[in-house]
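Taking it in order: structure first as structure tokens, then the write-up.
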Amino acid sequence: MCGIVGYIGTRDCVELLLSGLESLEYRGYDSAGIAVLDDNGISIRKEKGRLSGLREILESRPLHGNIGIGHTRWATHGVPSAKNSHPHTNQDGTIAVVHNGIIENHEALKKFLIEKGYNFVSETDTEVIPNLIDYYYEGDLLTAVRKAAKKLDGSYAIGVIAAAEPDRIIAVRKDSPLIVGLTDDGNFIASDIPAILSETRDVYLLNDGEFVTLKKDSVAICDIDENPISKEIYRVQFSAQASQKEGYDHFMLKEIHEQPQAIRNTLRGRIDKDLNIVLDNIEFSDDIKKIFIVACGTAYHAGLVGKKAIETLAKIPCEVCLASEFRYGEPLINKDTAVLVVSQSGETADTLAVLRMAKKLGNKVYAITNVVGSSVAREADYVFYTYAGPEIAVASTKAYTTQLVAFYLFAIYFAEKRKTVPNHVLSDLKNQLLKMDEVAEKILEKAPEIREIAKSLADEHDIYFLGRGLDYIVAMEASLKLKEISYIHSDAYASGELKHGPIALIDDGTVVISICTNPDISNKLSSNVKEVLARGAKTIGFTSCMSDTAAYGDIVELPQIDPLLAPLPAIIPLQMLAYYVCTEKGFDVDKPRNLAKSVTVE
Ligand code: M6R
């Protein structure tokens, strides 16, 4: 996730680029930069950190010009640093590029270009693009960009300027968003509408494979063979402010809805066309006898699902620990154990402390994290990134589901290596995983029915969640989500434990929400639900086992998939339930009281 913007026209471009980037900061904010073209050629200012840092640099070293491109970065390849910031250029600085996306074949392209005598200065995948354009440049920028694009695998939205052609910006998109904004005194490209909304509401929405030649008084669009494409102008209906959340009322809702894409991004390149699992460059010793999975909060719940998946498929014993407990315990870490930390932010103090402690004790530390360049990412021996994109709402949603994707990939990978499960079983799981984005998309359609249920819960003081096996973990995560944003007291119980104490809490009208995704144990759960029903509970079921539904008042139907994978789609309607209860109560969804997105102190 990055944001790009470009302007060519009669006005000075610098402030236009900066204000465009400001609106795109939600897409990433670990570094920012602009390139401006004037009579002296291309000049670049870029800096690690927020846009404010770039503004300061521009105050001391100003730029002026009528054509420029800008970028705000959410690092994927290469740590956040001035060197890795965009724009990137060819070697002599005559072609500059901003890019959003991932060039999957950048290693091969880099090798090719190095053989042709090109040098590289950054660790990014992007830097191959200006050099490839340079390689193909023979006096026509559009032709060179088209030729370069033919060689690029992966996703990209690209803006290009060249000193030799100071009257144009060339842009193209594939699997990354890009729009064109039209004004009387110039034209824009941008990753998203917010970037240009203060200047115009008239836009072209570009499709994959469309190339744009942007001039100060014209916009031409063509396909990869330069066949012209004509387009209707789209008039934006919403305000600049609302669009910062891309039309969603809250970041949490937006992030819930981004889950299909986040799942796709996390799976991309991790299961190849022959169904082999590719775990980046992560190496696991065959001698690992036990894995300690350590995390906090929602990431801890992801770890609990991970344990079940790894133990079920790969038969490697796992212990899941809260980081805050683990660091003060006496964990039996030795040369046969591995420590796997899970952290969306990569900055959680307790998780980081465990990472350091395990390294000190000589263990290899593996990390699942969402933030490139975070402390966890930098200090772990091996890192698996969830490509969920920036998660802004305090309540974690898309980070969690992508952490589950990571664990499923690990579990299947280990099982394959250790030959603990027949291949056809693993292939089936992989195929189901590859379709998980569609399953998530479908379940999001349930929003209206969940909203109705949420309305009936807003005045409750206590809500209990029940489940067995993996469904108990879903119940725990659902309960955390509900309590952290709605401030309703909530607990989750393993349904078999009810009669050992918690059933004493059940009274007339007590709300009990049950999760059931495993047909093999559904009759056990329904017996427990009937027990609370008999004691006056108001029962709600989130279930894929529709054979025994008599015990539930309200029912939300869950998709029927392999029970091992079921926690992933099952949590999505429960995230929505928490969201709608919170909005019903009128609380601040994205910034709940007393909480922060990243817990960097003990
Ligand atoms: O950034 P991390 O994944 O390390 O954060 C861990 C927890 O602080 C986090 O999951 C927290 O529990 C969320 N607010 C839950 O929605």
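Every number for a ligand or one of its atoms is a count from 1 in the order of the listing.
- Interface of Gln344 with ligand 1, defined as ligand atoms under 4.0 Å from a residue heavy atom, comprises 1 (O), 2 (P), 3 (O), 4 (O).
- Residues Ser85 and Arg73 bring no donor and acceptor atom of their side chains to less than 3.5 Å of each other.
- When each atom of ligand 1 is checked for a heavy atom of Ser345 under 4.0 Å away, the hits are 1 (O), 2 (P), 4 (O).
- Taking any N or O of Gly297, backbone or side chain, none lies under 3.5 Å from an N or O belonging to ligand 1.
- Note that the CZ atom of Phe410 and the CG atom of Leu279 stand 5.5 Å from one another [nearest 0.5 Å].
- Atom CG of residue Asn265 and atom NZ of residue Lys398 lie 9.0 Å apart, to the nearest 0.5 angstrom.
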Mind listing the side-chain donor-acceptor pairs of residues 557-579 below 3.5 Å, one per line with the distance, residues two or more places apart or on another chain?
from	atom 1	to	atom 2	distance (Å)
Gln560	NE2	Ser544	O	2.9
Asp562	OD1	Leu564	N	2.9
Gln575	OE1	Gln259	NE2	2.8
Gln575	NE2	Gln259	OE1	3.4
Tyr579	OH	His250	ND1	2.7

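- Each of the atoms 16 (O) of ligand 1 lies under 4.0 Å from some heavy atom of Ala395.
- At a threshold of 4.5 Å between non-hydrogen side-chain atoms, the residues His461 and His489 do not count as touching.
- Ligand 1 has at least one atom lying under 4.0 Å from a heavy atom of Lys481.
- Of the listed options Thr348, Val376, Thr386, Thr348 places a heavy atom closest to atom 5 (O) of ligand 1.
- Within the 4.0 Å heavy-atom criterion, the part of Glu484 lying near ligand 1 is the side chain and not the backbone.
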Just distance, no hydrogens or angles: give the donor-acceptor pairs under 3.5 Å from side chains in residues 291-300, sequence neighbours left out.
from	atom 1	to	atom 2	distance (Å)
Thr298	OG1	Glu477	OE1	3.0
Thr298	OG1	Glu477	OE2	3.1
Thr298	OG1	Lys481	NZ	2.9

